[in-house]
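This report concerns only the one structure given below.
Every chain is numbered from 1 and lettered A, B, ... according to where its sequence line falls, protein lines coming before strand lines.
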Protein chains: 2
Amino acid sequence: MATLNRPGTADGHACGIDTAMEVIGGRWKVLILWALREHPLRRFGELRRLLPGITEKVLASHLREMEADGVVRRVSYDEVPPRVEYSLTEDGIRLNDALEPLAAWGRDRSTGPRSRDEPA
Amino acid sequence: MATLNRPGTADGHACGIDTAMEVIGGRWKVLILWALREHPLRRFGELRRLLPGITEKVLASHLREMEADGVVRRVSYDEVPPRVEYSLTEDGIRLNDALEPLAAWGRDRSTGPRSRDEPA
DNA sequence: GTGCGTGGTTACCCCAAGGTGAGCGAGCAC
DNA sequence: GTGCTCGCTCACCTTGGGGTAACCACGCAC
C-alpha cells in the first residue's frame, strides 16, 4: 500500500521506523494488534465486537493488509456459516512487544506530571 | 486536535499507544524527530533541507503540533532575517527512545530472513 | 528602485483512507 | 417459503491531511 515516494527514503531510508509505520499506519491497526494479543484466536465477529466503532469493511481490509504484512494469521474453515479465525504471527507478537515502550510513553505522559516543558 | 471518538477509548482507553499515535501520527513527524535527534538545534531552513520533499506548510504545521504536544522546543530570536531554532524536549527525546524498538523491528524485517510466516 | 534570503501564512485543490449501507451465498430453524 | 447467521464484498460518499503556489515583512546588497 502507498507506494508513494517514501520520505526519508531519499538518503537510503530513514531508520526502519518508516517500515513499521507502514504496517501500523492505519486508524485501527494497533488496536487490532492489541485486541489480538489480549484475546488470541478470535473470529471476525468477535474482533468487531472487541473494537466498538469499526466497520466491517475497515476491519476486513485492515486484517487483509496485516495478513499480507505477515503480522496476522488467518485460518478459515470450510463450514456454513463460515468460520474464520485470526491470530498474531511471531512477527506480530514481536511488533506488539516493540510497541510497548511507545505505549509506556503515552501512558506516562497521560498520567505523569504535566510540568516538564508545556506550560498548561 | 482530532477530538473524534477515539477508538478503544470506549473501554476507558486502549493502552497509551493511541496517545503516542496521535503525537507521531503525521506523515513526517517521526522523520522530524529523527532529524532533530541526529542534528540537534536546527533552523527551519536546515530542517527543510534535511527532509527532502517536505513543504514549508507541512513542516511548519507539524512543528507547531509537535511543539503543542511538548516534544519539540521552539526558540525564535528577534533578528532580521528571522532566526528560529528547533530542538527536542526531554519528552521528545524519550519519545524517540521509545521509537527505537519499533525501528529495530522494521530494520529486522527488512534485512532478516523472510521465511517466518509469509510465503513469499 | 530591484532582488535575495529568512520563516512563515494564506488560499486553494486533490486524493486516498475511512465511513455508510446494501447485498450475497450457503445452510439451518421454523 | 421467510428469516437468521457469518464473513465478507461492492458501490458510493465524505473528510481532512497533505501538496501547490503565491504572498508577507524586514534588512541588506546592488
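- The hydrophobic cluster containing B/Leu41, built from Ile/Leu/Val/Met/Phe/Trp/Tyr side-chain heavy atoms closer than 4.5 Å, comprises no other residue.
- Between C/dG8, D/dC8, C/dG18, one nucleotide has an atom nearer to the side chain of B/Phe44 than all others, and that is C/dG8.
- Within the helix from C/dG1-D/dC30 to C/dC30-D/dG1, the inter-axis angle between the opening and closing five-pair segments is 30°, rounded to 10°.
- Annotation: side-chain contact (heavy atoms from CB on, under 4.5 Å) contacts of A/Arg74 (sequence neighbours excluded): A/Arg64, A/Glu67, A/Ser76, A/Val84, A/Tyr86.
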- Message: Treating primed atoms plus P, OP1 and OP2 as sugar-phosphate and everything else as base, which nucleotides of nucleotides 19-30 of chain D get B, S or - for protein heavy atoms under 4.0 Å?
- Response: BB------S---

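- Heavy atoms of A/Tyr77 sit nowhere under 4.0 angstrom from any nucleic acid atom.
- A/Arg64 comes within 4.0 angstrom of the backbone, heavy atoms only, and of no base.
- Atom pair B/Ile24:CD1 and D/dG17:P shows a separation of 16 Å (rounding to whole Å applied).
- With sequence neighbours excluded, the residues that form a side-chain contact (heavy atoms from CB on, under 4.5 Å) with A/Arg48 are A/Ile54, A/Glu56, A/Leu59.
- The CD1 atom of B/Ile32 sits 15 Å away from the P atom of D/dG17 (whole-angstrom rounding).
- Checked against side-chain contact (heavy atoms from CB on, under 4.5 Å), B/Thr55 has the following partners two or more places apart in sequence or in another chain: B/Lys57, B/Val58.
- Atom CG in B/Leu59 sits roughly 17 Å away from atom C1' in C/dT10 (whole-Å rounding).
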